[in-house]
Amino acid sequence: SIAQHAMLAALQTDLIAVRHLVNTHLSLAGTVAAVTYNVLGHRHPLRALLHPHISGTLAVNHNTVKLLAGHSYSFLPEMFSYSQEQIIRLINEATLKFDIREMDFEENLKMRGFDPSSIGIKYPYAENAGALWSIIRQYAAEYVGAVYETEESISKDEELKRWYEALDLYIPQGIKGYLGGSLTINKTSLAKLLSTIIFTASVEHENVGNKTFDYCFWQQYIPMQVPVDGSLIKVDAFNIFVNLGILTSSSSAKITDDFRKLAPDSKTKEAMRSFRQALLDYQDKLDQDRNLDLSAVLKPKVIESAVRS
């Protein structure tokens, strides 16, 4: 029915325009990339940590936004039930509602009524993404501990302070509330923030990207546009989507790549080595599971390290 198709089209719009573009590409990954490259010097250890997860993001955002909504004939106005003006308004409204807690795996589950430590139901996303989140959290904590031995050392890092303040200023609705309302950052809150940044740029971006391509190809079943007269979708709908995929996709570094050459010292290099090994161990575990539902699982070796497509 038209009502069912309209609901599916609304879900597609929310997935692509809000969760993928606004939340992942722009509000968090793009903002972190811009702030990090502008505030942290090239020798700062946190820039070394984040570089694999933010490099290329500004370039792809610059091109993708124009492809998606830069003109009346861009992808979103052509494929969705919205004009360019309406799409821009939707993006702006979604930005005003952005909440960084939704990008934190554990906080997101809590906000949706789940206990991260005991889901209680079969929830493949929570099991798979939760395993990846745990690996990333361990990595962030280990790396922060390698860089800052004491809380005093973190309080003396003036570049870090400027980075923290800039993120709070430019990420929609800020980050201080998410980190407990503190005016300053500490080792625990820094590790939490870095975990959310890395998780969003890699795991979450891969998730929303996969859903986009898994569902959007099937326009006859899950349409993006629903004519009020009940007529069929545009003849060229499939071609338009394929063109977008070709224009925005490229070969990219994976989260399992070896980035140790970026590490400023032996301790941070060891943290990077441990992170990569944990991902590879999880990959092996998934590969050996013959009952694995591949449609509901992300394997580390396919996850891009940053938002580059």
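In this text, all values refer to a predicted model and were calculated from it rather than measured experimentally.
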K.L.:
Does Glu159, at its CD atom, have more than 12 non-hydrogen atoms belonging to other residues, nucleotides or ligands within less than 6.0 Å?
P.N.:
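Yes, CD of Glu159 has more than 12 neighbouring heavy atoms, counting only those of other groups under 6.0 Å.
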
K.L.:
Do any pairs count as a side chain to side chain donor-acceptor pair (under 3.5 Å) and have a residue in residues 89-99, sequence neighbours left out, and if so which ones?
P.N.:
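Every side chain to side chain donor-acceptor pair (under 3.5 Å) pair that includes a residue of residues 89-99, provided the two are not neighbours, is Asp99-Arg101.
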
K.L.:
Do the side chain of Ser55 and the main chain of Ala306 share a donor and acceptor less than 3.5 angstrom apart?
P.N.:
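No.
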
K.L.:
For the CE atom on Met7, are there more than 12 heavy atoms of other groups (residues, nucleotides or ligands in this structure) within a distance under 6.0 Å?
P.N.:
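Counting neighbours around CE of Met7, 12 or fewer heavy atoms of other residues, nucleotides or ligands fall under 6.0 Å, so no.
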
K.L.:
Taking the side chain as every heavy atom from C-beta outward, state whether Glu107 and Thr196 have any pair of such atoms under 4.5 Å apart.
P.N.:
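Result no, sub-4.5 Å side-chain heavy-atom pair not found.
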
K.L.:
If you take all heavy atoms of Thr24 and Thr200, which pair is closest and at what distance?
P.N.:
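Heavy atoms only, the tightest pair is CG2-O, 3.8 Å.
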
K.L.:
Any side-chain heavy atom of Leu26 within less than 4.5 Å of one from Thr31?
P.N.:
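Answer no - side chains too far apart.
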
K.L.:
May I ask you to check whether over 12 heavy atoms, not counting those of Lys269, lie within 6.0 Å of atom NZ?
P.N.:
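No, because the 6.0 Å sphere around NZ of Lys269 holds 12 heavy atoms or fewer from other groups.
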
K.L.:
Apply salt bridge (charged side-chain N to carboxylate O under 4.0 Å, His left out) to Glu149 and list each qualifying residue two or more places apart in sequence or on a separate chain.
P.N.:
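So Glu149 forms a salt bridge (charged side-chain N to carboxylate O under 4.0 Å, His left out) with Lys267.
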
K.L.:
What residues form a side chain to side chain contact (heavy atoms under 4.5 Å, CB included) with Ala59, not counting sequence neighbours?
P.N.:
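Side chain to side chain contact (heavy atoms under 4.5 Å, CB included) check on Ala59 returns nothing, list empty.
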
K.L.:
Hey, which of Tyr125, Tyr139, Phe199 is the one that makes ring-ring contact (aromatic ring centres under 6.0 Å, His included) with Trp133?
P.N.:
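Answer to the ring-ring contact (aromatic ring centres under 6.0 Å, His included) test with Trp133 among Tyr125, Tyr139, Phe199: Phe199.
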
K.L.:
Other residues, nucleotides and ligands only: do more than 12 of their heavy atoms fall within 6.0 Å of OH on Tyr170?
P.N.:
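Check fails, neighbour count at 12 or below.
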
K.L.:
Does Tyr143 belong to the same Ile/Leu/Val/Met/Phe/Trp/Tyr cluster as Leu280, with side-chain heavy atoms less than 4.5 Å apart forming each link?
P.N.:
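No, separate clusters.
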
K.L.:
Let me see the working for Ser309 and His205 under side chain to side chain contact (heavy atoms under 4.5 Å, CB included), right down to the final yes or no.
P.N.:
CA-CA 9 Å; Ser309 60; His205 180 244; 3.9 Å; yes

K.L.:
Got a sec, which residues hit side chain to side chain donor-acceptor pair (under 3.5 Å) with Thr36, two or more places apart in sequence or on another chain?
P.N.:
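Here the qualifying residues are Trp163.
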
K.L.:
Do Glu106 and Lys110 pass the salt bridge (charged side-chain N to carboxylate O under 4.0 Å, His left out) test, and can you show the C-alpha distance, the side-chain angles, and the key distance before you say yes or no?
P.N.:
CA-CA 6 Å; Glu106 292 181 346; Lys110 290 176 183 177; 5.4 Å; no

K.L.:
Is the charged tip of Lys156 near the ring of Tyr148: under 6.0 Å from the six-membered ring centre and within 45° of its axis?
P.N.:
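No - Lys156 does not lie over the ring of Tyr148 by the 6.0 Å and 45° rule.
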
K.L.:
Do Lys192 and Leu179 come close enough that some side-chain heavy atom pair is under 4.5 Å?
P.N.:
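A side-chain contact exists here, since the closest heavy-atom pair is under 4.5 Å.
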
K.L.:
Test of understanding: clusters of I, L, V, M, F, W, Y form through side-chain heavy atoms closer than 4.5 Å, transitively. Do Tyr82 and Met224 belong to the same one?
P.N.:
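Yes: a chain of side-chain contacts under 4.5 Å links Tyr82 to Met224.
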
K.L.:
Less than 4.5 Å apart, any side-chain heavy atom of Lys187 and any of Glu151?
P.N.:
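Heavy-atom side-chain distance check passes, below 4.5 Å.
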
K.L.:
Shared ILVMFWY cluster between Leu49 and Val203, side chains joined below 4.5 angstrom?
P.N.:
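Yes, it is one cluster - the side chains of Leu49 and Val203 are joined through contacts under 4.5 Å.
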
K.L.:
Which residues pass the side chain to side chain donor-acceptor pair (under 3.5 Å) test with His53, sequence neighbours left out?
P.N.:
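None.
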
K.L.:
Indicate yes or no: at least one non-hydrogen side-chain atom of Ser72 is less than 4.5 angstrom from one of Pro77.
P.N.:
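Answer no - side chains too far apart.
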
K.L.:
Decide, yes or no, whether a salt bridge links Asp257 with Arg276 under the criterion of side-chain N to carboxylate O below 4.0 Å.
P.N.:
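Salt bridge flag = no for Arg276 with Asp257.
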
K.L.:
Take atom CZ in Arg112; do more than 12 heavy atoms of anything else shown fall under 6.0 Å from it?
P.N.:
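Counting other residues, nucleotides and ligands, CZ of Arg112 exceeds 12 neighbours.
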
K.L.:
Linking I/L/V/M/F/W/Y whenever any side-chain heavy atoms sit under 4.5 Å apart, do Leu28 and Leu40 land together?
P.N.:
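In one cluster with Leu28: Leu40, yes.
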
K.L.:
Please report the interatomic distance CD(Gln288) to CG(Asp284), rounded to the nearest 0.5 Å.
P.N.:
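It is 6.0 Å, given to the nearest 0.5 Å.
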
K.L.:
Spell out, as yes or no, whether a donor-acceptor pair under 3.5 Å connects the side chain of Ser153 to the backbone of Thr150.
P.N.:
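Yes: the side chain of Ser153 pairs with the backbone of Thr150.
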
K.L.:
I'd like to know whether Arg273 forms a salt bridge (charged side-chain N to carboxylate O under 4.0 Å, His left out) with Asp258, so could you lay out the CA-CA distance, the side-chain angles of the two residues, the decisive distance to 0.1 Å, and finally the verdict.
P.N.:
CA-CA 8 Å; Arg273 187 206 64 79; Asp258 190 349; over 6 Å; no

K.L.:
Closest approach of Leu194 and Ala140, non-hydrogen atoms and distance?
P.N.:
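Reported closest heavy-atom pair: CB-CB, 4.2 Å.
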
K.L.:
Do Ile171 and Val35 make a side-chain contact, defined as non-hydrogen atoms from C-beta onward lying under 4.5 Å apart?
P.N.:
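Contact flag for Ile171/Val35 side chains = no.
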
K.L.:
Could you tell me whether Phe114 and Tyr123 have their ring centroids closer than 6.0 angstrom?
P.N.:
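Yes - the distance between ring centres of Phe114 and Tyr123 falls below the 6.0 Å cut-off.
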
K.L.:
Hey, are the side chains of Glu142 and Ser274 touching, using non-hydrogen atoms and a 4.5 Å cut-off?
P.N.:
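In contact.
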
K.L.:
Are Ile100 and Val307 grouped together when hydrophobic residues (ILVMFWY) are joined by side-chain heavy atoms under 4.5 angstrom apart?
P.N.:
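Unlinked, Ile100 and Val307 end up in two clusters.
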
K.L.:
Could you check whether Lys161 pairs with Glu165 (Lys NZ or Arg NE/NH1/NH2 to Asp/Glu carboxylate O, under 4.0 Å)?
P.N.:
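Looking at Glu165 together with Lys161, the answer is no, because their closest N to O distance does not fall below 4.0 Å.
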
K.L.:
Counting N and O atoms only, with roles assigned by atom type, does the side chain of His44 sit under 3.5 Å from a partner on the main chain of Leu46, one being a donor and the other an acceptor?
P.N.:
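Such a contact is found between His44 side chain and Leu46 backbone.
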
K.L.:
I'd like to check the ring-ring contact (aromatic ring centres under 6.0 Å, His included) partners of His5; sequence neighbours left out, ordered by chain and number.
P.N.:
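With sequence neighbours excluded, His5 shows a ring-ring contact (aromatic ring centres under 6.0 Å, His included) to no residue whatsoever.
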
K.L.:
Please determine whether side chain to side chain contact (heavy atoms under 4.5 Å, CB included) holds for the pair Ile303 and Leu132, giving the CA-CA distance in whole Å, both sets of side-chain angles, and the decisive distance to 0.1 Å.
P.N.:
CA-CA 11 Å; Ile303 300 174; Leu132 292 164; 3.8 Å; yes

K.L.:
Of all the heavy-atom pairs spanning Gly209 and His20, show the shortest one and how long it is.
P.N.:
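Shortest heavy-atom separation between Gly209 and His20 comes out as CA-CE1, 3.6 Å.
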
K.L.:
Within the structure provided, determine whether Val208 and Asn23 are in side-chain contact (heavy-atom separation under 4.5 Å).
P.N.:
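Not in contact.
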
K.L.:
Start with the C-alpha distance between Glu206 and Lys211, add both sets of side-chain angles, then the distance that settles salt bridge (charged side-chain N to carboxylate O under 4.0 Å, His left out), and finish with yes or no.
P.N.:
CA-CA 9 Å; Glu206 198 73 32; Lys211 289 180 177 66; over 6 Å; no

K.L.:
For a quick test of reading the model, state the closest non-hydrogen atom pair linking Val39 to Ala166 and the distance between them.
P.N.:
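Of all heavy-atom pairs spanning Val39 and Ala166, the closest is CG2-CB, 4.3 Å.
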
